[in-house]
Amino acid sequence: MNDIVLYAVLALIPALLWLIPGTRRRTGNWITVWKTVPLGCFATLLVPTLLYGIARQLGQWGVIPVAYLKSLSLNLALGLCGLSLGILLIAFPARYLRRRYHRQERYPRWPFVVTFLLLGLAAALLPMLVYMLNPRLYQDRWVSFRLPDEGNTRIAFEQCSIHPFLAEYNYRIRFRRDGRTVDRYLITNTGGRTEINIYRLRDGRLCFVEKAGGYLVDPEKMEIFLLLYAGGEFYVAPFGDGPYEGHAWSYPKDGKVEFRYGDRGEWVYALPLTDELDGKIHYGSITDDFYTAAAQPELKLFSLSTGYQ
């Protein structure tokens with residue numbers, strides 16, 4: 001949402017100045033700055049994002065190595081492409097105005113440079129300002145990491161930044177089958193980069209394990225269950241629908257663990273596991289994308305055998 005508002009403002013200002021005949025024909029320094037510089041900022045910010053999205057899709061298709069997406073050279077090249085196009089969108093319209101309306105003197109460069117830098121600074125500070133006014137209003141776009149299909153079910157792990165500069169994310173698993181989409185939300189990551197191990201269980205289900213715990217993922221039923229470790233034993237509890245609202249569970253009493261999803265949810269008994277986690281096979285991991293077990297070794301996280309790191 002923050003990006004949409006930013007891009008809309010950058011596009012709207014020059015669009016209005018170009019559409020209104022009175023301002024379109026004016027060639028003064030500052031009116032020309034506002035007719036061109038926002039367009040340059042728009043391209044500088046948007047083009048690298050679009051190109052990176054194309055590169056990620058090519059990586060998922062196997063056209064380019066996924067590891068290349070993390071390279072400094074690629075990110076620098078994308079940034080340079082955006083900056084170059086942005087400069088062209090400033091220089092050529094300004095040149096057109098000068099020639100079209102017979103302005104004699106050349107435009108001084110400093111108003112263009114200063115405005116470009118100030119708009120760039122404002123774009124960088126906007127997410128922080130939104131977060132300071134109301135943290136709940138800040139939410140970045142969802143980023144999707146595609147996993148191999150499970151039969152007819154498409155699975156993607158998705159994350160969304162909830163802080164302008166700290167590593168805090170909302171997580172969800174998205175299932176798609178026969179035109180139906182189901183989102184299952186996970187525990188919010190309130191600090192730390194994304195690191196998740198994925199295991200294949202003997203019954204065909206998947207087990208996602210991260211710093212906050214683990215989940216049993218059933219692709220066939222498009223459901224997830226929270227994995228609890230209490231009193232030296234593992235339990236599972238159904239996770240509620242909709243965005244994550246918190247959860248609680250009780251310490252085992254008479255071999256039973258009570259679980260509640262959300263602040264107003266009902267207490268239910270978690271189901272004890274027996275040998276479901278035995279014989280698990282490392283399937284892959286998620287950091288800045290999904291990697292198969294062959295592409296990236298198992299991350300050192302929460303242990304499924306002891307319940308601790």
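Side-chain atoms are counted along with the backbone in the values below, which use heavy atoms only and exclude waters and symmetry mates. Counting begins at 1 with the first residue of the sequence.
No donor-acceptor pair under 3.5 Å is formed between the side chain of R172 and the backbone N or O of G242. Using a distance-only test at 3.5 Å, with no hydrogens or angles considered, a donor-acceptor pair links the side chain of R103 to the main chain of T27. Of the possible polar contacts, none joining the R174 side chain to the D183 backbone as a donor-acceptor pair under 3.5 Å is found. Of the possible donor and acceptor atoms, one in the side chain of E276 sits under 3.5 Å from a partner among the backbone N and O of T274. Looking only at distances, a side-chain donor or acceptor of N189 sits under 3.5 Å from a matching main-chain atom of G191. A side-chain donor-acceptor contact under 3.5 Å links D218 to the backbone of K221. Looking at R184, its side chain does come within 3.5 Å of a backbone N or O of M222 through a donor-acceptor pair. The backbone N or O of L97 sits nowhere less than 3.5 Å from a side-chain atom of K35 that would complete a donor-acceptor pair. Not a single donor-acceptor pair under 3.5 Å links the side chain of T188 to the backbone N or O of T190. Judged purely by atom type and a 3.5 angstrom limit, T49 uses its side chain to pair as donor or acceptor with the backbone of L45.
Taking CD1 of I198 as the start and CG of L206 as the end, the distance is 7.0 Å to the nearest 0.5 Å. Between the CH2 atom in W142 and the OG atom in S161 there is a gap of 10.5 Å [rounded to 0.5 Å]. Distance NE2/H282 to CD/Q296: 8.0 Å, rounded to 0.5 Å. Rounding to the nearest 0.5 Å gives a distance of 5.5 Å between CG of L83 and OG1 of T44. Summarising the geometry, atom OH belonging to Y7 is positioned 11.0 Å from atom SG belonging to C41; distances are rounded to the nearest 0.5 Å. One distance of note links CD1 of I87 with CZ of F92; it measures 11.5 Å at 0.5 Å rounding.
Both L50 and L6 belong to a single network of hydrophobic side chains, linked directly or stepwise wherever heavy atoms of I, L, V, M, F, W or Y lie under 4.5 Å apart. In this structure, L76 is not a member of the same hydrophobic cluster as Y52, with clusters built from ILVMFWY side-chain heavy atoms closer than 4.5 Å. Follow the hydrophobic side-chain contacts under 4.5 Å out from I90 and you reach W110 in the same cluster. Note: the hydrophobic cluster containing F175 does not contain Y185 (ILVMFWY, side chain heavy atoms under 4.5 Å, direct or indirect links). Grouping the Ile, Leu, Val, Met, Phe, Trp and Tyr side chains by contacts below 4.5 angstrom, directly or via other members, places L12 apart from V37.
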Next on the checklist: E210 vs Y215, test: side-chain hydrogen bond (donor to acceptor under 3.5 Å, both in side chains). Steps then yes/no.
Outcome noted: CA-CA 9 Å; E210 54 149 339; Y215 310 86; 3.2 Å; yes

Checklist entry - Can D278 and L201 be said to form a side-chain contact (heavy atoms from CB on, under 4.5 Å), step by step? => result CA-CA 8 Å; D278 295 341; L201 303 183; over 6 Å; no

Next on the checklist: Working note: E158 + I173, criterion side-chain contact (heavy atoms from CB on, under 4.5 Å); need CA distance, chi angles, decisive distance, verdict.
Outcome noted: CA-CA 6 Å; E158 299 187 336; I173 297 176; over 6 Å; no

Checklist entry - Going through the distances and angles, do T287 and E195 end up as a side-chain hydrogen bond (donor to acceptor under 3.5 Å, both in side chains)? => result CA-CA 5 Å; T287 51; E195 291 182 323; over 6 Å; no

Item to check | Working for side-chain contact (heavy atoms from CB on, under 4.5 Å), residues I155 and T153 | outcome: CA-CA 6 Å; I155 303 179; T153 305; 4.2 Å; yes

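Contact between F225 and V236 at its shortest, heavy atoms only, is CB-CB, 4.1 Å. Here the shortest heavy-atom pairing between R99 and R95 reads NH2-NH2, 2.6 Å. Nearest heavy-atom pair across L19 and R24 is O-NH1, 3.2 Å. Heavy atoms only, all atoms of each residue included: V257 and A230 are closest at CG2-CB, 4.3 Å. When every heavy atom of S144 is checked against every heavy atom of A156, the shortest pair comes out as OG-CB, 3.3 Å. The shortest non-hydrogen separation linking N29 to P108 is OD1-CD, 3.5 Å.
The local environment of OH in Y101 is crowded, with over 12 non-hydrogen atoms from other residues, nucleotides or ligands closer than 6.0 Å. D203 CG: more than 12 foreign heavy atoms inside a 6.0 Å radius. For R202, the CZ atom is densely surrounded, since the number of other residues' heavy atoms within 6.0 Å is greater than 12. Surrounding CD of E266 are at most 12 heavy atoms belonging to other residues, nucleotides or ligands under 6.0 Å away.
With sequence neighbours left out, the ring pair (Phe, Tyr, Trp, His ring centres under 6.0 Å) criterion links F116 to no other residue. A search for ring pair (Phe, Tyr, Trp, His ring centres under 6.0 Å) contacts involving Y169 returns nothing, not counting sequence neighbours.
A side-chain contact (heavy atoms from CB on, under 4.5 Å) with I13 is found for exactly one of V9, L16, L10, namely V9. Among the candidates L17, I31, I20, the single residue satisfying the side-chain contact (heavy atoms from CB on, under 4.5 Å) test with R26 is I31. For the side-chain contact (heavy atoms from CB on, under 4.5 Å) with L227, the lone residue among Y235, F208, F234 that qualifies is F234.
In this structure, P38 and F42 have side chains that are not in contact, with every pair of non-hydrogen atoms separated by 4.5 Å or more. The closest side-chain heavy-atom distance from P14 to T36 is not below 4.5 Å. Looking at heavy atoms from C-beta onward, S285 lies out of side-chain contact with I196 at the 4.5 angstrom threshold. Within the 4.5 Å cutoff, the side chain of T194 has heavy atoms near those of the I286 side chain. Proximity of L216 to L277: side-chain heavy atoms (C-beta onward) are separated by under 4.5 Å at one or more points. By the 4.5 Å heavy-atom criterion applied to side chains, F259 and Y269 are not counted as neighbours. When side chains are defined from C-beta on, E233 does not count as touching L273, because their heavy atoms never get closer than 4.5 Å. Counting only heavy atoms from C-beta outward, the side chains of N170 and Q159 never approach each other to under 4.5 Å.
A cation-pi arrangement is absent between R260 and W249 under the rule of less than 6.0 angstrom and at most 45 degrees off the ring axis. Annotation: cation-pi geometry satisfied between R200 and Y283 (NZ/CZ under 6.0 angstrom from ring centroid, within 45° of ring axis).
We find that R193 and D288 are not joined by a salt bridge, their nearest charged nitrogen and carboxylate oxygen being 4.0 Å or further apart.
A side-chain donor-acceptor contact under 3.5 Å links T32 and Y107.
Note: F157 and Y171 have tilted aromatic rings, judged against thresholds of 30 and 60 degrees for the angle between ring planes.
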